[in-house]
Protein chains: 2
Amino acid sequence: MKRSPKLTKQKIVEAAVELFDSQGFDGTTVRQIACKAGVNVALIAYYFKNKKGLLEYVMVEYYEALFRKLDGCRHDTEWESLYDLLRHMLESLVRFQSEFYQVTRLIHRELSVESMLGREIMSTYLAKLKHYFAAVIEEGVEEGEFPPLQVEGVVIQLMAITSFPYTYPQIIREVFYLEPLDEQFVEQMVHYTYDFLHHMMTPLNTFR
Amino acid sequence: MKRSPKLTKQKIVEAAVELFDSQGFDGTTVRQIACKAGVNVALIAYYFKNKKGLLEYVMVEYYEALFRKLDGCRHDTEWESLYDLLRHMLESLVRFQSEFYQVTRLIHRELSVESMLGREIMSTYLAKLKHYFAAVIEEGVEEGEFPPLQVEGVVIQLMAITSFPYTYPQIIREVFYLEPLDEQFVEQMVHYTYDFLHHMMTPLNTFR
DNA sequence: GTCTATATATTGATAGAC
DNA sequence: GTCTATCAATATATAGAC
């Protein structure tokens, strides 16, 4: 029985995302993926060369989609200040991470193990992500819209705040009894981020 | 050739920490651990029952030490306000995570995979950690030292900010070109955390 | 406490029929 | 594109000598 190639490939990706997310990359076998996807094991090698190739495909797809969305903030939406743009971008980031929460978690986890692939992802996509936000902040500082602030420090903390609930959703669930995927929580998260930003932009602070 | 049991056990733990940290739990074999520790493979089962038991031992040891240190903030050091105590506790947390950076990273990573052990660690130690900080903040709010604020939200963000550099040290290194284990960086981190706290305590903010 | 030797299972990947 | 069958490597865990 032949199947549409597009469908088979997609089913493998979906199964892999689910299993990599819940069990980790090394904790997942190609057989489990094939079984969950309802396809033959050999098809993983056919479409993705090997298990690592499948992981790489998922990671690249995720970041390409993220940057398409962030580019949309720059060009599509109307923003009347850099502060406004920054808020748009941060909200987009939070919502993207929430929407693709499984890939978000699995990427961050695999990023934390020492590997070639992790290093490549960091040097390309994470460096780009940092630059997207740092550039806007730097521009705001230069134009006098923002007070002088340590750009890198702000970006690190923005990354920390926005990623935490989606890399450790179980902590949010089992320690704080909140549901990180609820729209209510997402709005709360966006609010937190806005507040943090607002504080950073308040000149009277001692933040250096 | 007989060896001191204390030494052998410790050598296994040290090797395991290093390998679990860099390669992940599932990515590490008991043979690698035994080899790195310079002991026989069978001794892992002798001392820790199995690989999972070794991981559990490392995690429990880490959190027990952390809480001993945090308890020290409450009782040993002199603090003249709850704000002061909170700062002491946060600095202790940051420095502890920096000192045992390998275990910090491996625990956070393994916490992000769906497992019985992870759930147990969360429901005991992370819940306790949350309570340690939440209790001080709540006390401060009740006594009027702090303005009214959403305690849980503050704790989530404190956890996010303080843990990020030690769960993703490679991001700090390869994207921001900073060394997360330098005393200079640690001081910067403590400073960030203090600043965040200071902002939260400033009543004029819109943080709810 | 420490070792060797081994049982048992499972892994990722592929060759080749269809 | 999809399948079966299988290879070769590696995994954890343990039994039993020392």
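Just so we're on the same page: letters track the sequence lines, and every chain starts at 1. Fair warning: this is a prediction, and the values are worked out from it, not measured in the lab.
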Pick the nucleotide of DNA chain D nearest each of B:N50 and A:V41; which residue has the one closer to the 5' end?
->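 Final value for this comparison: A:V41.
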
Of A:N40 and A:Y46, the one whose closest DNA chain D nucleotide lies more 5' |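 Between the two, 5'-proximity favours A:Y46.
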
Closest to side chain of B:A42, choosing from C:dT4, D:dA13, C:dT14 |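 Nucleotide nearest to B:A42's side chain: C:dT4.
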
Of the nucleotides D:dT14, C:dT2, D:dC3, which has the atom closest to the B:Y47 side chain?
->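 In terms of side-chain proximity for B:Y47, the closest of D:dT14, C:dT2, D:dC3 is C:dT2.
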
Given the side-chain rings of A:F164 and A:Y168, with only the six-membered ring counted for Trp, is the space between their centroids under 6.0 Å?
->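 Yes; A:Y168 has its ring centre under 6.0 Å from that of A:F164.
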
Contact check, side chains of A:L54 and A:I33, non-hydrogen atoms, under 4.5 Å =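 Counting from C-beta outward, A:L54 and A:I33 do come under 4.5 Å.
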
Any B:W79 side-chain heavy atom under 4.5 Å of B:R74 side chain =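 Side chain of B:W79 against side chain of B:R74, heavy atoms only: contact under 4.5 Å found.
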
Please step through salt bridge (Lys or Arg N to Asp or Glu O under 4.0 Å) for the pair B:R95 and B:E91, ending with a clear verdict.
-> CA-CA 6 Å; B:R95 291 196 178 279; B:E91 176 160 356; 3.0 Å; yes

Could you point out which residue of A:I12, A:L43, A:V58 forms a side chain to side chain contact (heavy atoms under 4.5 Å, CB included) with A:F48?
->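 When A:I12, A:L43, A:V58 are each tested with A:F48, the side chain to side chain contact (heavy atoms under 4.5 Å, CB included) holds only for A:I12.
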
Could you state the [atom1]-[atom2] distance from [X] to [N], rounded to the nearest angstrom?
X	N	atom1	atom2	value
B:I12	C:dT2	CD1	C1'	11 Å
B:K49	D:dA13	NZ	P	9 Å
A:L43	D:dT4	CG	C1'	12 Å
A:I44	D:dG1	CD1	C1'	15 Å
A:K51	C:dT14	NZ	C1'	17 Å
A:L54	C:dG12	CG	C1'	13 Å

For DNA chain C, determine which residues of residues 21-33 of chain A have any heavy atom closer than 4.0 angstrom to one of its atoms, and list them numerically.
->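 Heavy-atom contacts with DNA chain C come from A:T28, A:T29, A:V30, A:R31.
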
Does B:T8 put a side-chain nitrogen or oxygen below 4.0 Å from OP1 or OP2 of C:dG1?
->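 Result: no.
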
A:Q102-A:Y166 side chain donor-acceptor pair, cut-off 3.5 Å =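 Result is no, nothing qualifies.
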
Please list, one pair per line, the donor and acceptor atoms closer than 3.5 Å that link side chains of residues 16-24 of chain B to other protein atoms, with sequence neighbours excluded.
from: B:D21; atom 1: OD1; to: B:R105; atom 2: NE; distance (Å): 2.7
from: B:D21; atom 1: OD1; to: B:R105; atom 2: NH2; distance (Å): 3.3
from: B:D21; atom 1: OD2; to: B:R105; atom 2: NH2; distance (Å): 3.4
from: B:S22; atom 1: OG; to: B:E18; atom 2: O; distance (Å): 3.1
from: B:Q23; atom 1: OE1; to: B:T28; atom 2: OG1; distance (Å): 3.4

